[in-house]
Asker: 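Handing you this structure, nothing more for now.
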2 protein chains.
Amino acid sequence: MSPAPEDATPERLRAIPSRLLAGAAAAADRLVNERLAAEGARKWHFAVLVALAETGPASQSDLSRRTGVYRSDMVAVLNELAEGGHLVREPDPVDRRRNVITLTPAGRDRLHRLDALVTAAQQDLLAPLSPAEQAELTRLLALLDTRHRPPHGGEHA
Amino acid sequence: MSPAPEDATPERLRAIPSRLLAGAAAAADRLVNERLAAEGARKWHFAVLVALAETGPASQSDLSRRTGVYRSDMVAVLNELAEGGHLVREPDPVDRRRNVITLTPAGRDRLHRLDALVTAAQQDLLAPLSPAEQAELTRLLALLDTRHRPPHGGEHA
DNA sequence: CCATAAACGTTCGTCGCACTAACGAAGGTA
DNA sequence: TACCTTCGTTAGTGCGACGAACGTTTATGG
């Protein structure tokens, strides 16, 4: 038998938070993507659908800001969702620079299905933790997130 | 004035652990890379140097397993470190398929400098949390990491 | 001893994500 | 009017994660 190399990761590396974070994030992404792939979706699709459902029709740059998807990348995401009939993209009559993105009933359906998948993935992800630990982890991560402001086109004020 | 869109991220999305994880990991990566870029290094360089310092000379696939860098990508990392004189790559006389990677004194020096940078980045990252929270977050992340085994070429037994 | 299988280093290519640059069309403002 | 900004869009860059394939070398087993 082999000497069972098991987890050969050096101690030093294993204690580094940024590495732990990267590892956990990778695992999380993998879980989510696996589930969503079963429906031929990616996480951005879900994010956009959520944003649309939450506040109604919006422009692309609106959606970009709210989901964190760059407006350059938003184009393709919307194309794919539009092809699937999950949303409609039409020019905004009041501001003709804009497109108004509107969720269709089919889109709302899809949102519900994707939501179930994403929720399941979260449970898989957090399963190793007790409910209290899950809540604490979520809280701490949210803290870090709000502190380390995205390199986005954020508030200048 | 604008209606202050501020943080327009939908509530639904903000509560999703995998998204929080991705956000925090991105911030962490950004902090680490910014620091390391000052020395013209990337995180893999650091990881490889740590692995070498911890257990002495090793083969490339050894390093690959221990650092998490794919062996395909390891090639370039070692090239760069070798160019900088931080390590030496020579064929293994006992197993001529392998290369023996050996840390040079210059490499050890560089490790210490990079270590300082990485440590500083961790402090920046965790600064929003109390020491107790930092420890707890690290613990929980380590738990998730060890549970969600990498999709790597892991144990077959 | 020879065939076959495995491991190693390497090259190349793919995919997704984050991010920049630039451009035409449209709107706001002086 | 001229100017600046916003919006959607295209194209392109860089990086990390990952797979395929190939030649070389070592291990295995009949």
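All chains are named by letter (A, B, ...) in the order of the sequence lines, taking the proteins before the strands, and each is independently numbered beginning at 1.
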Asker: C/dT10 phosphate, OP1 or OP2: any side-chain N/O from B/N99 under 4.0 angstrom?
Answerer: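 Affirmative; the distance criterion is met.
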Asker: Does D/dT26 have OP1 or OP2 sitting under 4.0 Å from an N or O in the side chain of B/R96?
Answerer: yes
Asker: Within the structure shown, what part of the strands sits under 4.0 Å from A/N33 by heavy-atom distance: base, sugar-phosphate, or nothing?
Answerer: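 A/N33: no heavy atom of the nucleic acid under 4.0 Å.
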Asker: Does the distance from a Lys or Arg side-chain N to an Asp or Glu carboxylate O, for B/D124 and B/R35, drop under 4.0 Å?
Answerer: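 Answer for the salt bridge query: yes.
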Asker: Could you check A/K43 against A/S72 and say which one's nearest nucleotide on DNA chain C is further toward the 5' end?
Answerer: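 This one resolves to A/K43.
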Asker: Look at the side-chain N and O atoms of A/R98 and state whether any lies under 4.0 Å from the OP1 or OP2 oxygen of D/dC7.
Answerer: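 Answer yes for this pair, as a side-chain N or O of A/R98 is under 4.0 Å from OP1 or OP2.
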Asker: Side-chain N or O of A/R89 versus OP1/OP2 of D/dG8: is the shortest distance under 4.0 Å?
Answerer: no
Asker: Does D/dG16 have OP1 or OP2 sitting under 4.0 Å from an N or O in the side chain of B/Y70?
Answerer: no
Asker: Look at the side-chain heavy atoms of Ile, Leu, Val, Met, Phe, Trp and Tyr, link any pair under 4.5 Å apart, and say whether A/V88 and A/L103 land in one connected group.
Answerer: no
Asker: Go through B/S61 and B/R98 one step at a time and tell me if the side chain to side chain donor-acceptor pair (under 3.5 Å) criterion holds.
Answerer: CA-CA 9 Å; B/S61 55; B/R98 294 181 173 168; 5.3 Å; no
Asker: If you check the A/S59 side chain, which of C/dA18, D/dG16, D/dG8 turns out closest?
Answerer: D/dG8
Asker: Mind checking if A/R42 touches a base, just sugar-phosphate, or nothing, with heavy atoms under 4.0 Å?
Answerer: sugar-phosphate
Asker: When you measure from the side chain of B/D73, which nucleotide among D/dT9, D/dA17, C/dT10 comes out closest?
Answerer: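 So the side chain of B/D73 is nearest to D/dA17.
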Asker: Please determine, for the side chain of A/R97, which listed nucleotide (C/dT11, D/dC7, C/dT10) has the closest atom?
Answerer: D/dC7
Asker: So, A/T104 side chain and A/H86 main chain: donor-acceptor pair closer than 3.5 Å or not?
Answerer: yes
